[in-house]
Amino acid sequence: MTTTDAVVIGSGPNGLVAANLLADAGWSVIVLEEQDRPGGAVWSDDSVAPGHVHDTFSSFYPLAAASPTIRGLRLEEHGLAWAHAPSVLGHSFGDGRWGVLHRDRAATASALDDDAPGDGDAWLALCDTWDRVGDDVLRGLLSPFPPVRGGAGLARQMLRSGGLELLREMAMPARSLTERLFRGEAARMLVAGNAGHADIGLESPGSAAMGLLLALLGQTVGFPVPRGGAGRLSTAMVRRLETRGGELSLGERAEGVRVERGRAVAVRTAGREIRVRRAVLADVSAPALYGGLVPWADLPSRLRHRMERFEWDPSTVKVDWALGGPVPWEGAPAAAPGTVHVADSMDEMTLAGAQVAAGLVPDRPFLLVGQMGAADATRVPAGGEALWAYTHVPQRVRGDAAAGRPGIREVRGMWDESDLDAMAERIEARLESRAPGFRDRITARRVLGPHELEALDGNLVGGAINGGTAGLHQQLVFRPVAGSGRAETPVKGLFLASASAHPGGGVHGACGANAARAALFHHTIQLPWRRT
Ligand SMILES: Cc1cc2nc3c(=O)[nH]c(=O)nc-3n(C[C@H](O)[C@H](O)[C@H](O)COP(=O)(O)OP(=O)(O)OC[C@H]3O[C@@H](n4cnc5c(N)ncnc54)[C@H](O)[C@@H]3O)c2cc1C
């Protein structure tokens, strides 16, 4: 029988961060990963076309670049190098206009002023506030909730530096905030488009949080990508772990957690049982842990009732293309953006979001697009492009908002080959309308729908990318269910380390770090009589 201090189930970014922190503390750690490669939704591959490296899932890592925990791992010493596109982000309007987030804030402000005089100053004022309080806001957002240690000090500091007003703005609906701050559509859509990375409606409280956070991080740390592909971020974390004695076991799925007298004591896989001296950290979704890896018999009944109300975020369809040349955007910004958001207007984004909420496949989907060759030339043959676009669709499809429209193929929501083709055509038509000639540049295509995404990473249930809705009712002390918000679970020595835990989706490693620190803390306070 194998025995170790800790088992980490799942090698997504949260699992790998957790394993690294435990190994740093001198614990022996085994990471179990059911796939035959590490990294969860942080991976890249070249299966779309030879010489083109596509990020299989996530691509841009402002949250990782800003995360004190990931920065502290010093992954650059383990092979990670960051690359940046000439500009951070472009918002493409339907009429050939663009809003652009440049790497230099003065350039962003000047372009926003051209769109609507005054918006440049409003943008610079926002950046000034972030300079003063951004680090504290980030620390607050990424720490366990409610903050116990250091929480009061942080709050005092925020009050002094004007951070409270920024927090209030983050709690606002993205529409009201951007309409109050800015006069022009370019500035408004830079924030609203970023809000579209979470699944909170633009008119709902809290949607401004992701919009402001990503826009301001974009302006300060940029939207960096790992040189050579997203997988390089994961392999750097694995390398670091292994230099500290940690072990990664690929192709080994955790089947269950053994609980004895209320404490997690072992993890079962198909071929062995691994006894743990100290802790089990689960980088799996909350529904996969509670009532899955840990049977309900070992959990309090109130948790079962609360988990019945757990809500997934919407599903996703992602298309990857290999292109023979860059996307021929109309009115393309001189400095090519790595990330492009595609929506005619805020109203159109609102409608697409409402359609998803109502169970309809959007007729004019909001697109998040990545131009990976522009961001990192090492990923493509000279002159080529590795492009992706994804959009959200309902978890349970009740219809297609485009049904009956001439020339548009209906999506039925089975997400079989026919549905995926129809959805990819809809996305391509949107891009073609903004970049005439785009289709002619396609040399290869891959479509990943809800089934494919979940098969490649079991945490992406039904194509959900954020471990559960980011809605306020499932955040902070309500994540993943009311009364949580910290990594501890009702089982001693078992910690939830995935994006289903506070603070949720995104590659910041905070869920893993919070779980590792909780494991270390609980072990320490049991000393000295339980030292092994
Ligand atoms: C298409 C897409 C685009 C995204 N874009 C971005 C982006 O650009 N920037 C960003 O910051 N975030 C992005 N995200 C979100 C981000 O990737 C996730 O929030 C993040 O990966 C969550 O990390 P995690 O460690 O919690 O889980 P995951 O990354 O999902 O990893 C979980 C791991 O656990 C493994 N596992 C599950 N069950 C078991 C088991 N029983 N036994 C063993 N192993 C198991 C899985 O195989 C997987 O490897 C995107 C996500 C997707 C899907």
Side-chain angles (χ1 to χ4, degrees), residues 44-56 59 85 89-98 193 316-334 336-345 348-349 352 361-377 379-393 400-412 415-449 452-453:
S44 39
D45 69 274
D46 61 359
S47 64
V48 177
H52 292 72
V53 176
H54 278 86
D55 295 334
T56 325
S59 272
L89 163 71
H91 186 96
S92 155
F93 293 96
D95 54 7
R97 283 178 306 125
W98 287 75
T316 308
V317 175
K318 176 173 186 274
V319 189
D320 296 302
W321 298 273
L323 303 182
V327 182
W329 299 106
E330 236 169 29
T339 302
V340 177
H341 293 154
V342 171
D344 289 357
S345 62
E348 191 194 72
M349 270 187 78
V361 177
D363 51 349
R364 298 180 63 76
F366 168 58
L367 302 184
L368 299 109
V369 181
Q371 311 197 101
M372 305 320 295
D376 171 14
R379 299 182 185 203
V380 288
E385 182 53 283
L387 188 80
W388 59 254
Y390 77 79
T391 193
H392 291 301
V393 293
D400 183 348
R405 299 261 177 88
I408 302 186
R409 270 174 68 192
E410 187 172 335
V411 175
R412 297 152 306 144
W415 303 119
D416 54 8
E417 207 178 319
S418 159
D419 273 353
L420 293 183
D421 264 1
M423 198 64 206
E425 276 172 25
R426 194 171 301 182
I427 291 171
E428 283 173 4
R430 284 223 87 181
L431 293 176
E432 180 73 25
S433 72
R434 286 165 152 74
F438 159 68
R439 281 202 186 100
D440 298 337
R441 299 199 173 175
I442 300 173
T443 57
R445 177 176 98 180
R446 167 178 71 185
V447 191
L448 300 174
E452 290 76 16
L453 289 169

> side-chain contact (heavy atoms from CB on, under 4.5 Å) between Val53 and Asp376: does it pass, once the steps are laid out?
Replying inline: CA-CA 10 Å; Val53 176; Asp376 171 14; over 6 Å; no
>> Between Trp98 and Val340, does the side-chain contact (heavy atoms from CB on, under 4.5 Å) criterion hold? Intermediate values first, please.
In response: CA-CA 10 Å; Trp98 287 75; Val340 177; 3.8 Å; yes
>> With side-chain hydrogen bond (donor to acceptor under 3.5 Å, both in side chains) as the criterion, how do Trp388 and Ser59 come out once you've worked through the C-alpha distance, each side chain's angles and the decisive distance to 0.1 Å?
In response: CA-CA 10 Å; Trp388 59 254; Ser59 272; 2.8 Å; yes
>> Please determine whether side-chain contact (heavy atoms from CB on, under 4.5 Å) holds for the pair Ile427 and Thr391, giving the CA-CA distance in whole Å, both sets of side-chain angles, and the decisive distance to 0.1 Å.
In response: CA-CA 9 Å; Ile427 291 171; Thr391 193; 4.0 Å; yes
> Going through the checks in order, is the side-chain contact (heavy atoms from CB on, under 4.5 Å) test met by Arg379 and Asp55?
Replying inline: CA-CA 10 Å; Arg379 299 182 185 203; Asp55 295 334; 2.9 Å; yes
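For the atom pair CG of Leu323 and CZ of Arg445, the computed distance is 12.0 Å after rounding to the nearest 0.5 Å. In this structure, CG in Leu387 is found 8.5 Å from CD1 in Ile442, a value given to the nearest 0.5 Å. Taking CG of Asp344 as the start and CE of Met349 as the end, the distance is 12.0 Å to the nearest 0.5 Å. Note: Arg441 CZ to Leu431 CG = 13.0 Å, rounded to the nearest 0.5 Å. Between the OG atom of Ser44 and the CE atom of Met372 there is a distance of 9.5 Å, given to the nearest 0.5 Å. Atom CG in Leu367 sits 11.0 Å away from atom NE2 in His392 (nearest 0.5 Å).
Using a 4.5 Å cut-off on side-chain heavy atoms (C-beta onward), Thr316 and Leu453 make contact. Put simply, the side chain of Pro326 does not reach to within 4.5 Å of the side chain of Gln371, judged on heavy atoms. Residues Glu452 and Val447 fail the side-chain proximity criterion, which asks for heavy atoms closer than 4.5 Å.
Of all heavy-atom pairs spanning Pro328 and Gly437, the tightest one is CG-C, 3.9 Å. Summarising the geometry of Gly324 relative to Thr443, their closest heavy-atom pair is N-CG2, 4.0 Å, with the distance given to 0.1 Å. Across all non-hydrogen atoms, the minimal contact from Ala49 to Ala322 is CB-CB, 3.6 Å. Listed here is the closest heavy atom pair of Glu410 and Ala422: O-CB, 4.1 Å. Listed here is the closest heavy atom pair of Pro337 and Ala374: O-CB, 4.5 Å. Taking every heavy atom of both residues into account, Phe366 and Val342 meet most closely at CD1-O, 3.4 Å.
When each of Glu428, His54, Glu385 is checked for a side-chain hydrogen bond (donor to acceptor under 3.5 Å, both in side chains) with Trp321, only Glu428 meets the rule. Each of Val317, Asp419, Val393 was evaluated against Val411; a single residue qualifies, Asp419, per the side chain to side chain contact (heavy atoms under 4.5 Å, CB included) test. Exactly one of Arg405, Arg412, Arg409, Arg426 qualifies for a side-chain hydrogen bond (donor to acceptor under 3.5 Å, both in side chains) with Asp400. That residue is Arg426.
The main-chain N or O of Gly96 is never found under 3.5 Å from a side-chain atom of Glu330 such that the two would form a donor-acceptor pair. Checking side-chain atoms of Arg439 against main-chain N and O of Glu432 turns up no donor-acceptor pair under 3.5 Å. A distance-only check finds a donor-acceptor pair linking the side chain of Arg434 to the backbone of Ser92 [under 3.5 Å].
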